[in-house]
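This report concerns only the one structure given below.
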Amino acid sequence: MPHLELRKVVDGRKVCYALHSHTHWSLGAITEGESTFTYREDQYQINAGTLVLMNPGWVHACNPIDDQPWAYLMLYVDADWLSRLRYEAELLDEVQWQDISTAVISNAGWYSGYLRMVSCLLDPQSSLLEKQSEVVEYLSALMLNLAGQPALSFTKAPGILQELAAYLDGNAAEEISLDALCERSGYSPGHLIRAFKQHFGLTPHAYLINRRIQLGQLELKVGKPIAEAALNAGFTDQPHFQRTFKRLVAATPRQYQQASLKH
């Protein structure tokens with residue numbers, strides 16, 4: 001099931017996140033304790049029994065409150081796969097990602113259903129067909145339930161900033177200077193940093209680092225050595241890659257790779 005990635009954290013105090021984003025859609029369950037969920041401009045205090053939903057590309061972070069214990073399960077779903085599932089259920093007019101407005105669900109039924117689905121995914125005795133069926137059934141029902149909500153209305157970034165973000169996406173492994181970005185955009189350094197962060201939630205530098213870590217994850221998933229993955233993702237040395245990876249992914253590159261290759 002290459003379109004899914006599942007993470008189980010039993011002590012969230014040991015994994016603190018910097019603001020970051022993912023290319024996939026994320027659905028998590030707080031299983032113990034409570035934490036602070038930062039999502040774009042909003043902040044939520046969430047606790048056991050709560051589901052959190054994160055759109056691709058939306059900046060977020062989830063961290064402990066006053067070092068109190070908390071635990072969670074997080075399912076990362078390929079956005080293209082989920083778009084097709086929504087399209088086939090006649091919830092989308094085309095196979096193209098559409099953001100979901102809900103950030104937090106406190107309904108006990110959806111929470112318990114999520115736990116049943118995850119339990120099946122983690123059960124080595126469950127067949128592939130059973131796991132696939134559980135995921136499709138649960139996510140299809142959830143998407144149907146969320147479909148009636150009002151569409152999101154955010155101010156789109158100006159075209160020049162969208163082009164700049166696309167440039168960073170396509171050249172994330174390269175050395176890029178603020179001067180070069182200013183030259184491409186026509187913005188002054190201060191204006192560029194403020195405007196970019198306003199629309200994308202991260203400064204151009206933080207956005208670039210986030211993209212590099214996503215590149216590193218792809219490299220690690222296919223079995224590349226950590227040093228090679230670091231270099232291919234644009235990091236000049238392995239220790240810097242490892243420190244940054246842990247800050248954004250809350251796992252070391254080796255931990256991430258071992259879990260990915262195991263499945």
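Just so we're clear, the structure is a prediction, and the values are computed from it rather than from any experiment.
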Minimum-distance pair of heavy atoms, taken over all atoms of [X] and [Y]:
| X | Y | value |
| --- | --- | --- |
| W97 | A79 | CE3-O, 3.7 Å |
| T31 | Y111 | CA-OH, 3.4 Å |
| N210 | H20 | OD1-CB, 3.3 Å |
| D237 | H240 | OD1-N, 2.8 Å |
| Q238 | A227 | OE1-CB, 3.2 Å |

Just wondering, do [Y] and [X] contact through their side chains at under 4.5 Å, heavy atoms?
| X | Y | result |
| --- | --- | --- |
| S21 | W58 | no |
| V77 | S26 | no |
| L73 | Y114 | yes |
| W25 | L75 | no |
| T36 | N63 | no |
| L6 | L122 | yes |
| F241 | I213 | yes |
| L220 | F245 | yes |

Modelled atom types, side-chain donor and acceptor of Q43 and T38, under 3.5 Å = yes

Nearest 0.5 Å please: distance from the [atom1] atom of [X] over to the [atom2] atom of [Y].
| X | Y | atom1 | atom2 | result |
| --- | --- | --- | --- | --- |
| S185 | H191 | OG | NE2 | 9.0 Å |
| R212 | F235 | CZ | CZ | 6.5 Å |
| Q258 | Y256 | CD | OH | 13.5 Å |
| E32 | S35 | CD | OG | 12.5 Å |
| Q217 | L248 | CD | CG | 9.0 Å |

Check side chain to side chain contact (heavy atoms under 4.5 Å, CB included) between [X] and all other residues, then give those that pass, not counting sequence neighbours.
| X | value |
| --- | --- |
| S119 | none |
| Q198 | none |
| E219 | K224, A229, N232 |

Transitive ILVMFWY side-chain link [X] to [Y], under 4.5 Å:
| X | Y | result |
| --- | --- | --- |
| L51 | L115 | yes |
| L215 | V222 | no |
| I226 | L231 | no |

Side chain S126, main chain K131, donor-acceptor under 3.5 Å = no

Using modelled atom types only, decide if a donor and an acceptor are shared between the side chain of N55 and the backbone of D99 within a distance under 3.5 Å.
-> no

Below 6.0 angstrom between ring centroids: does that apply to H3 and H24?
-> no

Compute the ring centroids of Y44 and Y39, then answer whether they are less than 6.0 Å apart.
-> no

Hey, what else clusters with L218 if you join Ile, Leu, Val, Met, Phe, Trp, Tyr whenever side-chain heavy atoms sit under 4.5 Å?
-> none

Quick one: hydrophobic cluster around L168, which other residues, with the 4.5 Å side-chain cut-off, linked directly or via members?
-> L19, V59, I160, L161, L164, Y167, I176, L178, L181, Y187, L192, I193, F196, F200, L202, Y207, L208

Could you tell me which residues satisfy salt bridge (Lys or Arg N to Asp or Glu O under 4.0 Å) with E34, sequence neighbours excluded, listed by chain and number?
-> none

E5 meets the salt bridge (Lys or Arg N to Asp or Glu O under 4.0 Å) criterion, sequence neighbours left out, with K221

Quick one: do Q242 and R254 satisfy side chain to side chain contact (heavy atoms under 4.5 Å, CB included)? Show the steps, please.
-> CA-CA 9 Å; Q242 291 178 311; R254 188 169 303 282; 5.8 Å; no

Can you run down the salt bridge (charged side-chain N to carboxylate O under 4.0 Å, His left out) pairs that involve residues 163-178, sequence neighbours left out, and say none if there aren't any?
-> D169-R211

Listed once per pair and sorted, the salt bridge (charged side-chain N to carboxylate O under 4.0 Å, His left out) pairs that draw on residues 177-198, sequence neighbours left out | none

Give a yes or no on whether D93 atom CG has more than 12 heavy-atom contacts from other residues, nucleotides or ligands under 6.0 Å away.
-> no

Chi angles and distances behind the side chain to side chain contact (heavy atoms under 4.5 Å, CB included) call for V104, S106 | CA-CA 7 Å; V104 174; S106 300; 4.2 Å; yes

Would you tabulate the side-chain donor-acceptor contacts of residues 133-148 under 3.5 Å, counting partners in other chains and residues two or more places apart, or write 'none'?
| unit_1 | atom_1 | unit_2 | atom_2 | d |
| --- | --- | --- | --- | --- |
| S133 | OG | L129 | O | 2.7 |
| Y138 | OH | W110 | O | 2.7 |
| S140 | OG | V136 | O | 2.6 |

Hey, mind stepping through R7 and V9 against side chain to side chain contact (heavy atoms under 4.5 Å, CB included) and telling me if it holds?
-> CA-CA 7 Å; R7 169 172 222 162; V9 172; 3.8 Å; yes

Step by step, work out the side chain to side chain contact (heavy atoms under 4.5 Å, CB included) result for Q132 and M1.
-> CA-CA 8 Å; Q132 292 171 324; M1 303 173 72; 4.0 Å; yes

May I have all residue pairs that pass ring-ring contact (aromatic ring centres under 6.0 Å, His included) and include part of residues 210-232, sequence neighbours excluded?
-> none

Residue pairs fulfilling side-chain hydrogen bond (donor to acceptor under 3.5 Å, both in side chains) with at least one residue in residues 74-90, sequence neighbours excluded | none

